[in-house]
Amino acid sequence: MRLILVRHGEAEGNAEGIILGQADVPLTDRGREQVRRLGAALAERGLATIFASPLRRAAETAEVVARATGAPVRHLADLRELNCGLAQGLRWDEVEARWPEFARRYTAGDDGIDARWPEGESGSDLRARVGRALGIIVGSRASSGFAVDRPPDGDVAIVAHGGSLAWALQQLLGKPLTTWPRSGLRNCSIRELLARY
């Protein structure tokens, strides 16, 4: 099965460096244009299914791809972005000022994966959620510890967020799960993998 991982189009706050987390914000005009081009690029791919985060920016992106490809969309809550709790809507410098100990721990290398955002999640929490989603999508015991659904026949798109897709790549590529992934996924970027199960 070929997996096509797609980050949502530019959303309100992305260009300004705002921490969105699970804030349910729409795409910007630029983001809608990115998504329109994305749909055109994937129109002939013959997608079987699109799995998407239910957050608005990813859902909007997935719906455009669905219209272009004819593939159905299935929303998975576990594909949502990291819950940044009280920091959602702030810039990083504001987070450092309000929660200096958290900011130090979060950026301290390996230790940062277990640093919990104020009233939010840790990287370990997000890693576990994404693993469950991959278990459903790929049907692989290796990714989640259990098999849930039969994998769909054909190419599958996963439309989600920078953080959740970075963890998906980390797990699918068999990279270490003890440090933050460094995938650098830009808005509307596409990564393709061939999954064997």
Side-chain angles (χ1 to χ4, degrees), residues 1-11 14 17 19-23 38 42 47 49-55 57-58 61-62 65 74-85 87-88 92 95 102-117 120-149 151-152 155-197:
M1 173 173 58
R2 187 174 303 278
L3 293 173
I4 301 169
L5 280 61
V6 178
R7 186 177 175 200
H8 61 79
E10 182 185 82
N14 280 151
I19 297 167
L20 297 180
Q22 293 185 3
L38 172 71
L42 295 177
L47 294 177
T49 306
I50 301 165
F51 290 92
S53 161
L55 293 177
R57 56 199 187 265
T61 301
V65 173
R74 180 172 174 194
H75 294 284
L76 295 178
D78 281 337
L79 290 175
R80 289 172 298 149
E81 182 59 283
L82 179 70
N83 180 350
C84 297
Q88 288 173 181
W92 181 250
V95 171
F102 161 76
R104 184 202 59 74
R105 197 164 163 234
Y106 186 76
T107 58
D110 293 355
D111 187 43
I113 191 175
D114 292 318
R116 184 169 305 283
W117 286 77
E121 293 179 301
S122 68
S124 297
D125 296 331
L126 178 58
R127 178 189 65 204
R129 277 200 290 108
V130 170
R132 287 192 304 266
L134 290 175
I136 292 169
I137 295 166
V138 180
S140 168
R141 292 184 189 280
S143 65
S144 66
F146 61 92
V148 180
D149 292 337
D155 292 352
V156 171
I158 302 173
V159 179
H161 311 274
S164 52
L165 289 174
W167 275 116
L169 279 168
Q170 196 87 345
Q171 293 181 49
L172 289 165
L173 296 174
K175 293 189 175 184
L177 300 179
T178 55
T179 59
W180 280 105
R182 306 279 185 235
S183 298
L185 298 162
R186 295 182 180 199
N187 293 114
C188 260
S189 63
I190 299 172
R191 300 282 166 88
E192 292 190 42
L193 297 114
L194 187 60
R196 290 177 169 71
Y197 51 90

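Of the inter-residue distances, the one linking Leu5 atom CG with Ser189 atom OG reads 9.0 Å to the nearest 0.5 angstrom. For the atom pair CD of Gln88 and CD of Glu81, the computed distance is 9.5 Å after rounding to the nearest 0.5 Å. For the atom pair Asp78 CG and Phe51 CZ, the distance stands at 12.5 Å (nearest 0.5 Å).
Between Arg116 and Asp125 there is a salt bridge, with a side-chain nitrogen of the basic residue lying less than 4.0 Å from a carboxylate oxygen of the acidic one.
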**Q.** Residues Leu47, Val156; criterion side-chain contact (heavy atoms from CB on, under 4.5 Å); working and verdict
**A.** CA-CA 6 Å; Leu47 294 177; Val156 171; over 6 Å; no
(Q) Does Ile50 form a side-chain contact (heavy atoms from CB on, under 4.5 Å) with Ile158? I'd like the steps, not just the answer. (A) CA-CA 6 Å; Ile50 301 165; Ile158 302 173; over 6 Å; no
Q.
Walk me through whether Leu20 and His161 qualify under side-chain contact (heavy atoms from CB on, under 4.5 Å).
A. CA-CA 10 Å; Leu20 297 180; His161 311 274; over 6 Å; no
Q: Test Ile4 against Ile190 for side-chain contact (heavy atoms from CB on, under 4.5 Å), laying out the working first.
A: CA-CA 7 Å; Ile4 301 169; Ile190 299 172; 3.6 Å; yes
Q: Apply salt bridge (charged side-chain N to carboxylate O under 4.0 Å, His left out) to Arg129 and Glu121, showing your working.
A: CA-CA 11 Å; Arg129 277 200 290 108; Glu121 293 179 301; 2.9 Å; yes
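Heavy-atom minimum distance, Arg105 versus Ala115: NH1-CA, 3.7 Å. Closest approach of Ile113 and Thr179 over heavy atoms only: CD1-N, 4.2 Å. A pairwise comparison of heavy atoms in Gly123 and Leu82 identifies N-CD1, 4.4 Å as the closest pair. Nearest approach of Leu79 to Ala133, heavy atoms of both residues: CD2-CB, 3.7 Å. Nearest heavy atoms, Ala166 versus Pro181: O-CB, 3.6 Å. In terms of heavy atoms, Met1 sits closest to Ile137 at CE-O, 3.7 Å.
In this structure, Arg7 contributes its side chain and Leu185 its backbone to a donor-acceptor pair below 3.5 Å. Counting only distance, with no hydrogens or angles, the side chain of Ser164 and the backbone of Ala160 share no donor-acceptor pair below 3.5 Å. Judged by distance alone, with hydrogens and angles left aside, the side-chain atoms of Arg57 form a donor-acceptor pair with the main-chain N or O of Ala23 at under 3.5 Å.
Using modelled atom types, one finds a donor on one side chain and an acceptor on the other under 3.5 Å when comparing Ser124 with Asp114.
Aromatic ring orientation, Trp92 versus Tyr106: tilted (interplanar angle from 30° to 60°).
Contact of the Glu192 side chain with the Asp155 side chain is not registered, since no non-hydrogen atoms from C-beta on lie closer than 4.5 Å. Leu3 is not listed as a side-chain neighbour of Leu194, based on a closest heavy-atom distance of 4.5 Å or more. Between Asn187 and Asn14, some side-chain heavy-atom pair lies under the 4.5 Å cut-off.
With sequence neighbours left out, Arg191 forms a salt bridge (Lys or Arg N to Asp or Glu O under 4.0 Å) with no residue at all. Every residue meeting the side chain to side chain contact (heavy atoms under 4.5 Å, CB included) condition with Leu177, not counting sequence neighbours, appears here in chain and number order: Arg127, Trp167, Gln170, Gln171.
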